[in-house]
**Student:** 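Once you've had a glance at the structure underneath, I'll fire off some questions.
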Amino acid sequence: MLGVLVADRWPYDGGGLALLLAGVGGTAWLIRRSLLTYAVVGLGFYFLHSQRTIDSPGQDLARALGEEPRPITIEGLVISEPKMSERGSASFLLQAESIEIDGHARRSRAKFLARWRYAVEFGDTVRLFGTAEKVEGPRNPGEFDARAYLQRQDVHRALIVRYPENGALVGRGGGAHILRAAQKSRTWMQHALSRGLENSPDVTGAINGMVLGLRHQSPEDIEEPFQQTGTLHLFSVSGLHVGIMAQLLWLAAPVLRLRPKWATALIIPLLFFYAAVTGLHTSSVRAALMAAVLMGGFIVERPAFSFNGLAAAAVIILAWNSQELFSVGFQLSFCVVAAILLLNEPVFALLRRWIAPDPFLPRSLFTARQRAFQRFLTSLARATAVSFAASIGSLPLMIWYYHLVTLISLGANLVVVPIAFFVLASALVSLATAPVSIWLSVVFNNANWALTKLIFAAVHFFAQMPGGHFYVEHPRPPKSDLEINVLDLRGGAAIHVRAGKRDWLFDTGPARDYERTLRSYLRSRGIDRLDGLVLTHGDAGHVGGAIATMIDFRPRTLIDTAGEDRSLAHRKFNEWLSAEKRPRQLCHAGHEIRISPEITARILFPPANFRGNRADDQALVVQLFLFQRPRALLVSDSGAETEQALLRAYPELRCNVLIKGQHHSGVSGSDEFLRRVQPDAIVATSRDFPESERIKPDWAEALQARNIKLLRQDQTGAVQLRFTRDRWESTSYVTGEIFRSDSR
């Protein structure tokens, strides 16, 4: 691990390293010193990871393509299971064989993230014409960094195929035979396990996730309670699944009249095939390798040491792909198993002393009920020790990657994991009986339906327990008096205002960006519940995620605009409020919102009983005051008519920062309005399409001439504003640029 980490930071591609490695290795072999052996291993992995980091096919092609999008024709192999979108587009990894750029063909082994509206399969050979683009990175805090994730797989470009006819299927049946067989087996198993449960897609998705590792088929609203209770590992095939599968196969061996050694020799390849069927994830491969080491010791009649098995699995996985060290799955899998190996026995010994019966009482005097109860307590203590150790091992990584602390995970796993054992057992029997009797297979599938429903009920019970889980924020710089985070949601808007320990949200952005952007951001800030939610107007780009926000973050105060609009998203939200009997406040000009003792939000527009032609024309305009001084003006998507109304009603609109969207007409931010506001900086949304959402070049030049800093979010991404009593500063998420009030 040390060799890989150093090589990732300071790679070296000189040939002298290979000679040094050979010399140190030869010396270690001659004098047989452990320290030199460690040096050989570290240098070996340093050399291996350096070669993969510096001269990879993906990097070579990225340098050849340059920074700008390029038209390109690729013929290659589909090497991942395609994921289909709601619009019918398939996303998959494409291993190139030949590439044609500007009429010149070349051989290449580079990998692409391809998107094509066609039902391709793993192992298909395709020829695609499209645009090679850089993989976009995150534009907001808390977002998943797909670019960094793909770069670890040597994927540096995305191939966007605009039309279905721009691609052609060349052939089928390519790729590794074992992986292709595993894919076909998974498809058959998925169909067999779903038979008879067609009317319960949520249950079917959960069963396929628990048994086959098809986590992407489980709805997000089902997965989140599992994450909050520390039981999400049920959807990631890991040591638990492989161990249960090995135990079930071992129990089936006597039925087939197999001797123990023959049964062990048969179980080992079956476990590796199960790992292949479930997608060859790090956790399942690690578990299969450890099982092979431990069970192999039984075959050759040698005692197996668990830590050696764990280390052997790590060495093999990193030798195969050293980039795995940086994956969350690798880190969680090995940290959790290491914690179990370290803590399980001490914790179990402590619990066993607590539950042990009177040592002076002869065991022969125990009744059958007492002996059964004692065995139950011993099993419970063993399960508690394992669950506690796993929780300790995963806690630092859960905080770092998911900002989550699950205090209830110990109890939840004690209830859910035994039920999951029977789900896997029932699924195995269903698969075994499916070729013989469809009726019997459906019976076991329905049994799994009941068991899965029981798991759902248990998980939701634990997830709703007060204090059972909470989100935490990574350490940050000293707090400011007022912090405003303007998220980049293209044409939509969501603005987080933090004042001390109080968190308010202005708008929620579109529904499609809620899970990926807004919820991830709020969780990363350690927010379990919002103090207030303000909806400026009914545009779907501003209120589309409102229902989900109300469910997940339960704002104590809901403020909505009093103006009527024709927005379907707003109407749907109002209907949901009525059905759930959730109260709301309708605000208009003159109202004030007390966000904290030092911070006040004053509503400037619209006046009471106002009706605009469009939703943008009746958006709330909010002025934020810190210590009675105006700091920020939030005008949402207001246009020229709203600006004229503000100029007539308020002689004083001065603010440090103007935060604005784009009016549907494309006209906003007039010279007269900017002279009245006199902002030091403007944070403005911008996107290429439609034209009305794009910042006009002449307007940007006019701001520069007036010495107003323009933070256009198509370039900056999210923008954080931090205010104190005497100064303020902005930080752009994408560029990292910092602009301070004394910079003007």
Side-chain angles (χ1 to χ4, degrees), residues 1-60 62-63 109-111 145 147-156 238-239 275 280-294 296 304-342 393-394 396-397 400-401:
M1 292 181 181
L2 183 61
V4 173
L5 289 172
V6 174
D8 198 70
R9 183 65 178 86
W10 299 286
Y12 177 73
D13 61 344
L17 182 62
L19 295 177
L20 176 63
L21 177 62
V24 174
T27 305
W29 174 262
L30 290 175
I31 66 176
R32 300 182 184 278
R33 294 288 184 181
S34 296
L35 186 60
L36 283 177
T37 304
Y38 294 141
V40 170
V41 174
L43 286 172
F45 276 91
Y46 177 87
F47 178 76
L48 181 67
H49 190 69
S50 293
Q51 297 305 306
R52 291 172 174 170
T53 303
I54 296 175
D55 292 323
S56 68
Q59 289 178 324
D60 291 341
R63 286 191 289 266
R109 299 292 295 170
K111 290 186 287 188
D145 192 346
R147 180 171 59 190
Y149 172 77
L150 289 170
Q151 286 177 351
R152 290 292 180 187
Q153 302 180 58
D154 196 29
V155 179
H156 297 268
S238 59
L280 288 179
H281 299 294
T282 301
S283 54
S284 61
V285 174
R286 187 265 313 153
L289 287 171
M290 286 192 67
V293 172
L294 298 177
F305 185 43
S306 298
F307 276 106
N308 280 354
L310 182 65
V315 169
I316 294 172
I317 291 174
L318 292 179
W320 180 260
N321 182 8
S322 53
Q323 296 284 8
E324 283 289 345
L325 179 61
F326 305 95
S327 71
V328 181
F330 180 95
Q331 296 170 18
L332 272 173
S333 179
F334 281 89
C335 285
V336 167
V337 175
I340 291 174
L341 295 179
L342 282 172
S394 64
L397 295 173
W400 180 255
Y401 288 112

**Student:** So which pairs with a foot in residues 309-323 pass side-chain hydrogen bond (donor to acceptor under 3.5 Å, both in side chains), sequence neighbours left out?
**Tutor:**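 Passing the test, one end in residues 309-323: H49-S322, R52-S322, R152-Q323.
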
**Student:** Under the side-chain contact (heavy atoms from CB on, under 4.5 Å) rule, collect the residues that match up with V155, sequence neighbours excluded.
**Tutor:**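 Only L93, K111, L113, L150, Q153 meet the side-chain contact (heavy atoms from CB on, under 4.5 Å) criterion with V155.
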
**Student:** Any idea which heavy atoms bring S394 and L332 closest together, and the distance?
**Tutor:**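 The pair with the smallest heavy-atom distance is CB-CD2, 4.0 Å.
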
**Student:** Among all residues two or more places apart in sequence or in another chain, which pass the side chain to side chain donor-acceptor pair (under 3.5 Å) test with R63?
**Tutor:**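 Checked R63 against side chain to side chain donor-acceptor pair (under 3.5 Å); matches are D60.
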
**Student:** How would you list, by chain and number, every residue that makes a side chain to side chain donor-acceptor pair (under 3.5 Å) with S306, sequence neighbours excluded?
**Tutor:**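 In terms of side chain to side chain donor-acceptor pair (under 3.5 Å), with neighbours along the sequence ignored, S306 is linked to no residue.
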
**Student:** Please list, chain by chain and in numerical order, all residues satisfying salt bridge (charged side-chain N to carboxylate O under 4.0 Å, His left out) with D145, sequence neighbours excluded.
**Tutor:**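 Applying salt bridge (charged side-chain N to carboxylate O under 4.0 Å, His left out) to D145 gives none.
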
**Student:** Looking only at heavy atoms, which two atoms of G58 and H156 are closest? And how far apart?
**Tutor:**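 Between these two residues, the closest heavy atoms are C-CD2, 3.6 Å.
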
**Student:** Between OG of S333 and CD1 of I317, what distance do you get to the nearest 0.5 Å?
**Tutor:**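 Answer rounded to 0.5 Å: 7.0 Å.
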
**Student:** Return the set of residues passing ring-ring contact (aromatic ring centres under 6.0 Å, His included) with F330 (not counting sequence neighbours), or none when no residue passes.
**Tutor:**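 Listed in chain order: F334.
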
**Student:** Just wondering, do F45 and L2 contact through their side chains at under 4.5 Å, heavy atoms?
**Tutor:**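 Side-chain contact under 4.5 Å: no.
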
**Student:** Indicate the atoms forming the closest heavy-atom contact of A339 with G393, along with that distance.
**Tutor:**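 Smallest heavy-atom distance, with atoms named: CB-CA, 3.5 Å.
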
**Student:** Give me the atom names and distance for the closest heavy-atom approach of L325 to Q331.
**Tutor:**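 Reported closest heavy-atom pair: O-NE2, 3.1 Å.
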
**Student:** What is the distance from atom OG1 of T53 to atom CD of Q59, rounded to the nearest 0.5 Å?
**Tutor:**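 Output value for this atom pair is 7.0 Å.
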
**Student:** Please enumerate all residues that pass side-chain contact (heavy atoms from CB on, under 4.5 Å) together with V337, with sequence neighbours excluded.
**Tutor:**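 side-chain contact (heavy atoms from CB on, under 4.5 Å) check on V337 returns R286, M290, L310, L341.
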
**Student:** Mind checking what makes salt bridge (charged side-chain N to carboxylate O under 4.0 Å, His left out) contact with R109, not counting sequence neighbours?
**Tutor:**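 Salt bridge (charged side-chain N to carboxylate O under 4.0 Å, His left out) list for R109, sorted by chain: empty.
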
**Student:** Which heavy atom of W10 sits nearest to which heavy atom of Y46, and what is that distance?
**Tutor:**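 Reported closest heavy-atom pair: O-OH, 2.6 Å.
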
**Student:** Shortest non-hydrogen contact from A319 to L48?
**Tutor:**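 Nearest pair, atom of A319 first, then L48: O-CD2, 3.7 Å.
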
**Student:** Who pairs with A292 by side-chain contact (heavy atoms from CB on, under 4.5 Å), at least two apart in sequence or on another chain?
**Tutor:**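 So A292 forms a side-chain contact (heavy atoms from CB on, under 4.5 Å) with I268, F272.
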
**Student:** Sequence neighbours left out, what passes ring-ring contact (aromatic ring centres under 6.0 Å, His included) with Y401? Give chain and number order.
**Tutor:**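 Here no residue qualifies.
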
